[in-house]
Amino acid sequence: MSQVQASVKATEVKTTCPYCGVGCGLIATIKNNKDKAGGYDVSVKGDETHPANKGVLCSKGMALAETLDHKDRLLHPVVDGAQVSWDDALDTVANGLKDTIEKHGADSVAFYVSGQFLTEDYYVANKLMKGFIGSGNIDTNSRLCMSSSVAGHKRAFGADIVPGNYDDWEQCDLAVLVGSNAAWCHPILFNRLLKAQKERGAKIVIIDPRHTASCEMADMHLPLLPGSDVALFNGLLVYLAKFKAINAKYVKTRTNGMSKALESAHADVPDLDTVAQKTGLTVAQIEEFYRLFLKNERALTIYSQGVNQSSSGTDKVNAIINCHLFTGRISKPGMGPFSVTGQPNAMGGREVGGLANMLAAHMDFTPETIDLVSRFWGSDNVATKPGAKAVDMFDKIDRGEIKAVWIMATNPAVSMPNANKVRRALDKCPLVIVSDCMDNTDSMKYANVKLPAMAWGEKNGTVTNSERRISRQRSFLKPAGEAKADWWIMTQVAKKMGFGSHFNYSKPVDIYREHAQLSTFENRYGNGKDADFITRRAFTIGLHAQIIEHEYDGMPPLQWPLTDCTPYGMARMPNRGEFFNQNRKANFVAIRHRAPENKLERKYPLVLNSGRIRDQWHTMSRTGKSAKLSNQHAEPFANISRQDAAEFNIQDGGFVEINSKWGQALVRAHVEDKQVSGQIFMPMHWTDVYTSKGVIGALVNPATDAVSGQPELKHTPVKITTWTPKWHGYFISDEKIDSAMLETDENIEYWAYNYQDGSHILNLAGDGACEDVKLVAQLKGRSGDKLLSYVDDMAGQYRYASIVDNRLESCFMIAKKGGLPQREWLTQLISKRIDVSDKTNFILSGVGQDNMPNLGPIVCACMGVYQQQIIDAISEHDLKTVEQVGALLKAGTNCGSCMSEIKQLL
Ligand SMILES: Nc1nc2c(c(=O)[nH]1)N[C@H]1C(S)=C(S)[C@@H](COP(=O)(O)OP(=O)(O)OC[C@H]3O[C@@H](n4cnc5c(=O)[nH]c(N)nc54)[C@H](O)[C@@H]3O)O[C@H]1N2
Ligand SMILES: Nc1nc2c(c(=O)[nH]1)N[C@H]1C(S)=C(S)[C@@H](COP(=O)(O)OP(=O)(O)OC[C@H]3O[C@@H](n4cnc5c(=O)[nH]c(N)nc54)[C@H](O)[C@@H]3O)O[C@H]1N2
Ligand code: SF4
Ligand SMILES: [Mo]
């Protein structure tokens, strides 16, 4: 193995971004700095040698250095509220699990893990639960994310393979994005599509009920009815057949079951009118898309959560794959079905078998695989059946069937559907163990045992991205406090449970090597010289079965399968057309369209759709720390169409209460021209740490896909009502306010927290007496030096500011009527610790004399360009194109994920 990466300067470490499944390579530069918490100054830039991103990073990757401080980190093990030694904590966990198993059996315990685990962590978790505890009860947040794609791949290919690679994004002539807002969620890949569009005239089609940022840059947007993708792709199959686009040789030699699938599609949608009726699109729109697909051999169908998070998610995946098999457009440059993964290691988890319905290393539960894995692990207690999938797992906890749960690297109290039920279940559960880097997550509140895990930069191991490329995450920081690697924590528990000799790992490479050995164990297919080349199971990294530490440390990013015959990996799968079903052919699947499970009703007339915004990552535990990333949206919100706003009397910027059968939320209303009426969209990011009542999971219905078990997170019937508070306002301070204080103040109904460079901002509203809000008393109490106040009951204005040592330390602006003073200047005074001795006359007006401009929200987080700067430049220089704005201000010139916003401003 000679593929050791060129070494970089001692202070530079090559590693991989911990956010999305694009898996960008980056270089962290580290300087010692004694003044800093953690002791380091870190800067981050893209790694030009990494094939996933070739040096570019998006706004989230660029801001990583801002998220490495130890604020709110969990630094020590805690049992029942008291700090304890690691040894005591591990004893509590091991004894707790052992006792529960002895009394109630192996299925009374469960692990709920995450695609943010490293592969090595995942391997140990899976081996401990399925190999030695002897239960299938380990599931992962990938159930909420990828499981429909996994199930669809397995039905079609006989294995969970992504056939293509990222080069296809540049080589395609037609990119169809189905339920994917890649401009925001996979920005670096989306950029590669834009390159194909610009340089080669490739067409981009977006299939999404919502008008997304990706649509701004696309050639065509098909706003189909929520959940109607199967009808659209069944219709495409019928159309392709009608126009004889069949690749007869491919279908005959490489596939099974075409006629049945076509028959079923035909029965479902015999003609374009039926497709139009089922999808809500016009015949003209549908025909235009179908014609594009027919014409372009190099068609790439990219799909994500609009496909997966649906009660017909697996069918949607297969409806897409059917069209590619029919035309033979798969496993060749620029074409194929392409499932983009969400988390940095969604793929690694699938590789080790971390889903409850998988056994290990891409193997299902069959008598042969159970025997194989038992011999490999040297255990006679290997689980013999699948365990509980996420939604089912928390239901079992609720019913008391699972009595001990260990949650690692995920925040189910926020991200699970029917989150209030999940919280109730955790509250009742006799033993809840939570391993996390952060101490303040919503799930951590339910932990009997809190275990501090190493974070990105501290931990060390491998991740696999959407194109099957394994990259190294390398550590470059000392662990915060007593934080430990997840694999280490589980290994110690395994030892204390008596499985010691099977968990003798001292370094991640020991685990990786064993994982590689299992992947290649009895994985030969046939005899002869191809035996290592074409394997029985798709997943193999047998090349690394004897890897040593030095090689592991220098490992360059490589795409599996990795065997002696494919030492540099394999760009496209399956190799030589051999799929992994019984007869080594791919399966068509016969499918019919089904509507989402929970239908709209009079009481709940709108569809709640949910997803992501550009600059936040999931439950905000890291991105919420970055001022730049937190600037795009300061408060939780719902996008509502003009028509619905008029019907339900909702004002833009006002408050809206959203109710479903499962729960309630209170957020700002964003009334938008491009939002489709009948549907609202809410981001999934806000938690109890950031707002009073904005956890979207509380609203979301728990319906799941029958095949994959993936919840229908994109479709919940809801109603909306306006809420007009008696007062609203904002509080800005140089110190963070404890949310418990806000929660217990009955005068406050709504609060949302936002961090901006040393300023802690609360947006507030309530129905009580604003003068009695405890924050007023606190502000008055703190202002030893000077209190500024202005109270005008008639005008409904209440303003307070406290000055300490000539610095503004907090201000509270409240309005019962009328508007509020501008906040930008005040935020800057606090953030920059500016001497205000000559400014006190202006503070309560919010308008300084120093011409600090009000820039509005950030548009380009990479380059730090704000909305007002762009608007000014457009009018001043009469700019017409995104490129011109980029040339002048640099906005949109890095990752390009804000190009759609710039286009809107133009
Ligand atoms: N900025 C940012 N990027 C991220 C993440 C993040 O938190 N923040 N998370 C990462 C993770 S884990 C994931 S899984 C990915 C998710 O990446 P995406 O799947 O691209 O993102 P989402 O916003 O969840 O949903 C995608 C789209 O599905 C649409 N949709 C809803 N219902 C339907 C339907 O019935 N049919 C179709 N065709 N579309 C529908 C929604 O309107 C939405 O625009 O993003 C990854 N990248
Ligand atoms: N309504 C709605 N809900 C959704 C979705 C949606 O689109 N709509 N999307 C779903 C999807 S696709 C996903 S992927 C999930 C994501 O949902 P979650 O997994 O719940 O979200 P995160 O905020 O990423 O949680 C990760 C946690 O792990 C911690 N962590 C990070 N690294 C490590 C580590 O190395 N070790 C340990 N022990 N902890 C670590 C972080 O501090 C954080 O608390 O949400 C799902 N929920
Ligand atoms: S696209 Fe952005 S978030 Fe995703 S891996 Fe690359 S830098 Fe990280
Ligand atoms: Mo995800």
Side-chain angles (χ1 to χ4, degrees), residues 16-26 44 46 50 52-53 56-64 72-74 112-118 121 140-146 182 184-191 304-306 308-309 341-346 390 407-417 419 434-444 451-456 458-459 461 463 465-466 473 483-487 489 608-612 616-624 682-685 687 695-700 710-714 716 862 895 897:
T16 311
C17 177
Y19 295 124
C20 84
V22 178
C24 296
L26 54 83
V44 156
H50 199 289
N53 58 314
V56 195
L57 296 176
C58 79
S59 53
K60 292 180 295 302
M62 297 264 288
L64 269 167
D72 298 325
R73 285 288 300 268
L74 177 64
Y112 184 59
V113 303
S114 161
Q116 288 163 80
F117 255 3
L118 300 173
D121 302 323
T140 135
N141 62 1
S142 288
R143 181 71 57 198
L144 318 180
C145 181
M146 306 315 313
W184 281 4
C185 296
H186 299 90
I188 299 301
L189 276 178
F190 191 68
N191 229 353
S304 189
Q305 299 316 340
N308 293 330
Q309 291 172 341
T341 55
Q343 298 174 89
N345 202 27
I407 296 165
M408 300 177 243
T410 176
N411 194 1
V414 181
S415 54
M416 282 286 292
V434 179
S435 297
D436 205 292
C437 322
M438 308 301 291
D439 192 16
N440 64 342
T441 73
D442 288 10
S443 300
M444 202 47 109
L451 301 175
M454 285 184 190
W456 181 79
E458 299 161 3
K459 59 185 185 176
V463 291
N465 72 5
S466 299
Q473 264 195 26
K484 296 284 187 190
D486 290 290
W487 66 263
I489 301 171
L608 168 68
N609 177 7
S610 63
R612 290 147 175 86
Q616 290 294 351
W617 176 262
H618 296 166
T619 69
M620 291 164 67
S621 60
R622 284 169 288 172
T623 43
M682 280 174 74
M684 62 169 289
H685 307 292
T687 70
V695 173
I696 190 179
L699 291 161
V700 172
Q710 179 154 356
E712 187 148 60
L713 298 166
K714 297 283 188 255
T716 301
C862 299
C895 75
S897 64

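Just follow the structure's listing: the first ligand is 1, and inside any ligand the first atom is 1. Keep in mind that the numbers below use all heavy atoms, side chains included, and drop hydrogens, waters and symmetry copies.
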Would you please name every residue forming a side chain to side chain donor-acceptor pair (under 3.5 Å) with Gln616, sequence neighbours left out?
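Gln616 satisfies side chain to side chain donor-acceptor pair (under 3.5 Å) with Thr623 once adjacent residues are dropped.
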Which residue holds the protein heavy atom closest to [atom], what is that atom called, and what is the gap in Å?
{"atom": "atom 26 (C) of ligand 2", "value": "Ala409 O, 3.4 Å"}
{"atom": "atom 23 (O) of ligand 2", "value": "Thr619 OG1, 2.5 Å"}
{"atom": "atom 24 (O) of ligand 2", "value": "Gln116 NE2, 2.7 Å"}
{"atom": "atom 17 (O) of ligand 2", "value": "Ser415 CB, 3.2 Å"}
{"atom": "atom 1 (N) of ligand 2", "value": "Ser610 OG, 3.1 Å"}
{"atom": "atom 44 (O) of ligand 2", "value": "Asp436 OD2, 2.7 Å"}
{"atom": "atom 10 (C) of ligand 2", "value": "Gln309 NE2, 3.4 Å"}

Any atom of ligand 2 sitting under 4.0 Å from a heavy atom of [X]?
{"X": "Phe117", "result": "no"}
{"X": "Lys714", "result": "yes"}
{"X": "Val414", "result": "no"}
{"X": "Met682", "result": "no"}
{"X": "Cys437", "result": "yes"}
{"X": "Met454", "result": "yes"}

Any sub-3.5 Å donor-acceptor pair from [X]'s side-chain atoms to [Y]'s backbone N or O?
{"X": "His685", "Y": "His618", "value": "yes"}
{"X": "Asn465", "Y": "Val22", "value": "yes"}
{"X": "Ser610", "Y": "Met682", "value": "no"}

For Asn141, take its heavy atoms, then give the atoms of ligand 2 lying under 4.0 Å from any of them.
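With Asn141 as reference, the close atoms of ligand 2 come out as 19 (O).
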Can you name the atoms of ligand 2, numbered from 1 with element, that are less than 4.0 Å from a heavy atom of Asp486?
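Heavy-atom distances to Asp486 below 4.0 Å select 34 (C), 35 (O), 36 (N), 37 (C), 38 (N).
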For a side-chain contact (heavy atoms from CB on, under 4.5 Å) check, start with the C-alpha distance between Gln309 and Glu712, then their side-chain angles and the critical distance, and finish with the verdict.
CA-CA 5 Å; Gln309 291 172 341; Glu712 187 148 60; over 6 Å; no
Ignoring hydrogens, just give me the one of Gln305, Arg612, Met408, Met444 whose non-hydrogen atom is nearest atom 9 (N) of ligand 2.
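Of the listed residues, Arg612 has the closest heavy atom.
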If hydrogens are left out, which of Lys484, His618, Met684 has an atom nearest to atom 22 (P) of ligand 2, that is, the closest non-hydrogen atom?
His618
Close N or O approach (Lys459, ligand 2; < 3.5 Å):
yes
Closer than 2.8 Å to atom 2 (Fe) of ligand 3, how many protein N/O/S atoms do you count?
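If we list every protein N, O or S atom nearer than 2.8 Å to atom 2 (Fe) of ligand 3, we get 1.
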Rounded to the nearest 0.5 Å, how far apart are CE of Met684 and CG of Leu713?
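Met684 atom CE to Leu713 atom CG measures 8.0 Å (nearest 0.5 Å).
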For ligand 3, which atoms have a heavy atom of Gly23 less than 4.0 angstrom away?
5 (S)
